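Presented below is the structure to which this report refers.
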Amino acid sequence: MTDKQKPRLRFFEESPGQQHIQPGDQYLYRQESPAHRVNVIGTGTIGIEHMRVASMLGRVAVHGIYDPQPESMDVAESEFAKHADHKLVRYDSLTAACQDDAVDGLMICTPNYTHIDVFEEAAKSGKPIFLEKPMATTLADAKRICEIADSYEAFVQVGLQYRYKAPYVEARHEALERGTLGTIRTLAMSEYRPPFLDKVGQWNKFTEKSGGTLVEKCCHYFDLLTLFANSPPERVFASAGQAVNFTDLEYEGSNCDIDDHAFVVIDYANGIRANFTLNMFCPEFHEELVICGDRGRLVATEHFDFQRDDVSTSEVSIELGENAASRKIQVGYTRPVEQSGHHGATWFEPIAFADHLDGKPVDAAYPAESLWSIIIASAAQESAASGAPVDIQSYVKKHGLDAVLSA
Ligand SMILES: NC(=O)c1ccc[n+]([C@@H]2O[C@H](COP(=O)([O-])OP(=O)(O)OC[C@H]3O[C@@H](n4cnc5c(N)ncnc54)[C@H](O)[C@@H]3O)[C@@H](O)[C@H]2O)c1
């Protein structure tokens with residue numbers, strides 16, 4: 001085990017009684033210098049989150065930042081100063097941030113509608129790229145990103161981080177690796193939560209800028225469902241609408257047009273049936289995944305009551321009847337990991353990025369795989385608008401996606 005892989009003892013490291021330990025006496029607390037440097041493009045909510053986690057982990061140093069809104073860079077700088085010991089470079093153009101030889105990776109954390117242009121510029125650098133989800137707001141832009149990534153010499157990692165949430169990590173072990181539930185037949189996923197938060201330019205309140213609610217937010221869940229189904233989707237049917245949130249929001253002459261609730265049914269080609277429920281006018285956050293196989297049922301839940309200012313609680317329940325031992329376990333991460341963002345999922349993204357830079361095997365989403373989450377989301381939005389189910393094979397053909405999906 002190298003120093004960098006040792007478990008950190010942050011409680012002791014950061015306690016007042018250990019601050020007198022000098023660098024020469026440090027063994028448990030010693031940290032190697034980060035082996036990699038990255039620039040962060042877009043320093044809003046998630047950009048700042050990634051900067052904090054990267055600094056806490058210490059494997060990738062954030063070298064510089066670029067954001068056209070100076071206030072975003074001001075806040076990022078002052079937040080960064082709380083947990084890092086070096087100053088950030090502030091770039092005055094996207095090209096300068098992408099082309100600096102001092103860094104060996106780029107993190108794109110800009111609003112969805114900017115991903116395509118920022119990605120195209122970033123890809124001129126030849127550097128490894130982390131691109132926030134959803135890859136793009138339209139299937140045409142997502143296709144273009146997949147085409148570039150396919151012939152790109154470096155890797156492109158997409159921020160579908162819900163794969164790293166503790167209950168779903170455990171569910172994957174049980175259902176996919178251990179085969180505890182037998183052959184999976186049905187999947188049911190739900191998210192109940194409060195409305196979307198404010199954003200710079202309110203980009204997440206408009207379909208044109210976000211791709212729509214099912215693309216913007218629910219790509220995470222469609223990614224998870226497809227991982228568990230382990231099959232391409234065959235048919236998507238949805239009903240969705242805007243009932244409560246932002247019905248009176250007008251911004252720069254446009255009315256908010258995003259859905260705040262939805263029901264989506266997905267038939268996968270291997271016969272697995274899945275559904276997804278969204279409700280965004282709830283007081284607390286609650287997610288649930290129910291997997292039924294021919295030997296048992298698994299229920300993975302995550303509950304976050306932010307009004308009480310507490311960590312989230314997550315459980316995985318495995319019900320096997322007379323087939324084997326049933327169990328219910330509490331799962332979760334340590335407090336610093338849990339508080340890193342999305343209940344610990346953000347923590348694992350810089351780890352995956354650093355592992356990839358180190359040439360190690362990585363569990364992360366790549367563009368061609370991530371494309372399925374946008375295909376399902378877009379098809380669901382189309383189905384909700386037309387009232388008819390969408391046949392995915394024809395949909396893929398219509399949007400010219402066959403080649404990128406089979407690449
Ligand atoms: N993985 C997750 O779970 C997760 C969570 C939150 C946000 N996101 C994604 O991260 C992205 C950013 O979301 P956010 O919540 O941080 O939004 P935000 O509005 O808080 O911040 C976006 C920042 O990008 C800047 N920006 C706009 N255009 C830019 C450009 N061309 N170049 C550089 N910077 C630019 C804005 O000025 C702003 O500071 C979105 O794609 C969003 O979907 C992902």
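In this text, all values refer to a predicted model and were calculated from it rather than measured experimentally. Each ligand, and each atom within it, is numbered from 1 in the order the structure gives. Throughout, residue positions are numbered sequentially from 1 according to the sequence presented.
Here the protein heavy atom with the shortest distance to atom 11 (C) of ligand 1 is T110 O, 3.2 Å. With hydrogens left out, the protein atom closest to atom 21 (O) of ligand 1 is G44 CA, 3.2 Å, a heavy atom. Atom 5 (C) of ligand 1 has I46 CD1, 3.4 Å as its closest protein atom, hydrogens excluded (heavy atom only). Summary of contacts: the protein heavy atom closest to atom 25 (C) of ligand 1 is D67 OD2, 3.1 Å. Among all protein heavy atoms, the one lying closest to atom 40 (C) of ligand 1 is N112 OD1, 3.1 Å. For atom 44 (C) of ligand 1, the closest non-hydrogen atom on the protein side is E132 OE1, 3.1 Å. Protein heavy atom at the shortest distance from atom 9 (C) of ligand 1 is K133 O, 3.6 Å. With respect to atom 13 (O) of ligand 1, the closest heavy atom belonging to the protein is W203 CZ2, 3.5 Å.
There is no side-chain donor-acceptor pair under 3.5 Å between T313 and Q330. One side chain, E338 or S312, offers a donor N or O that lies under 3.5 Å from an acceptor on the other. Remark: the Q161 side chain and the T346 side chain contain an N/O donor-acceptor pair separated by less than 3.5 Å.
Taking all heavy atoms of G341, G201, P111 into account, the minimum distance to atom 26 (N) of ligand 1 is reached by P111. Residue Y66 holds the heavy atom nearest to atom 32 (N) of ligand 1 of all those in Y91, Y162, Y66. Closest to atom 34 (N) of ligand 1 by heavy atom, among P134, C109, P68, is P68.
With Y29 as the fixed residue, the side-chain hydrogen bond (donor to acceptor under 3.5 Å, both in side chains) test singles out one of R10, Q18, E14: Q18. Screening Y366, F130, F353 for a ring-ring contact (aromatic ring centres under 6.0 Å, His included) with F155, the sole residue that qualifies is F353.
Panel note: side chain D104, backbone R37; a donor-acceptor pair is recorded below 3.5 Å. Under a 3.5 Å cut-off, the side chain of H286 and the backbone N or O of H303 do not form any donor-acceptor pair. A donor-acceptor pair is defined here as one N or O able to donate and one able to accept, closer than 3.5 Å; such a pair exists between the side chain of R327 and the backbone of A325. Between the side chain of D355 and the backbone N or O of V362, no donor-acceptor pair lies under 3.5 Å. In terms of modelled atom types and a separation under 3.5 Å, the side chain of Q157 and the main chain of P367 share no donor-acceptor contact.
Within ligand 1, counting atoms from 1 as listed, the ones closer than 4.0 Å to a heavy atom of T114 are 28 (N). Under a 4.0 Å criterion applied to the non-hydrogen atoms of Q69, ligand 1 contributes the atoms 37 (O). Distances below 4.0 Å separate heavy atoms of I41 from the following atoms of ligand 1: 33 (C). Residue-ligand proximity, G159 to ligand 1, at heavy-atom distances under 4.0 Å covers atoms 1 (N). Remark: ligand 1 atoms within the under-4.0 Å shell around heavy atoms of E216 are 43 (O). Counting atoms of ligand 1 from 1 in the listed order, those under 4.0 Å from a heavy atom of G42 are 24 (O), 33 (C), 34 (N).
Using a 4.0 Å cutoff on heavy atoms, M73 does not count as a contact of ligand 1. Remark: distances from the non-hydrogen atoms of L94 to ligand 1 are all 4.0 Å or more.
Among the atoms of V118, none of the N or O lies under 3.5 angstrom from an N or O of ligand 1. Not a single N or O atom of E349, backbone or side chain, sits closer than 3.5 Å to an N or O atom of ligand 1. At least one N or O atom of K199, backbone or side chain, sits closer than 3.5 Å to an N or O atom of ligand 1. Between Y113 and ligand 1, a contact under 3.5 Å exists for no N or O pair. Where the criterion is an N or O separation shorter than 3.5 Å, residue side chain and backbone included, H115 meets it with respect to ligand 1.
Separation of atoms CD1 (I116) and CD (E121) is listed at 12.5 Å; rounding is to 0.5 Å. Taking CG from L227 and CD from E369, the interatomic distance works out to 6.0 Å, rounded to the nearest 0.5 Å.
R273 and D267 are joined by a salt bridge, as a carboxylate oxygen and a charged side-chain nitrogen come within less than 4.0 angstrom of each other.
A cation-pi arrangement is absent between K165 and Y168, since the terminal nitrogen or guanidinium carbon is not both under 6.0 Å from the aromatic centre and inside a 45° cone about the axis.
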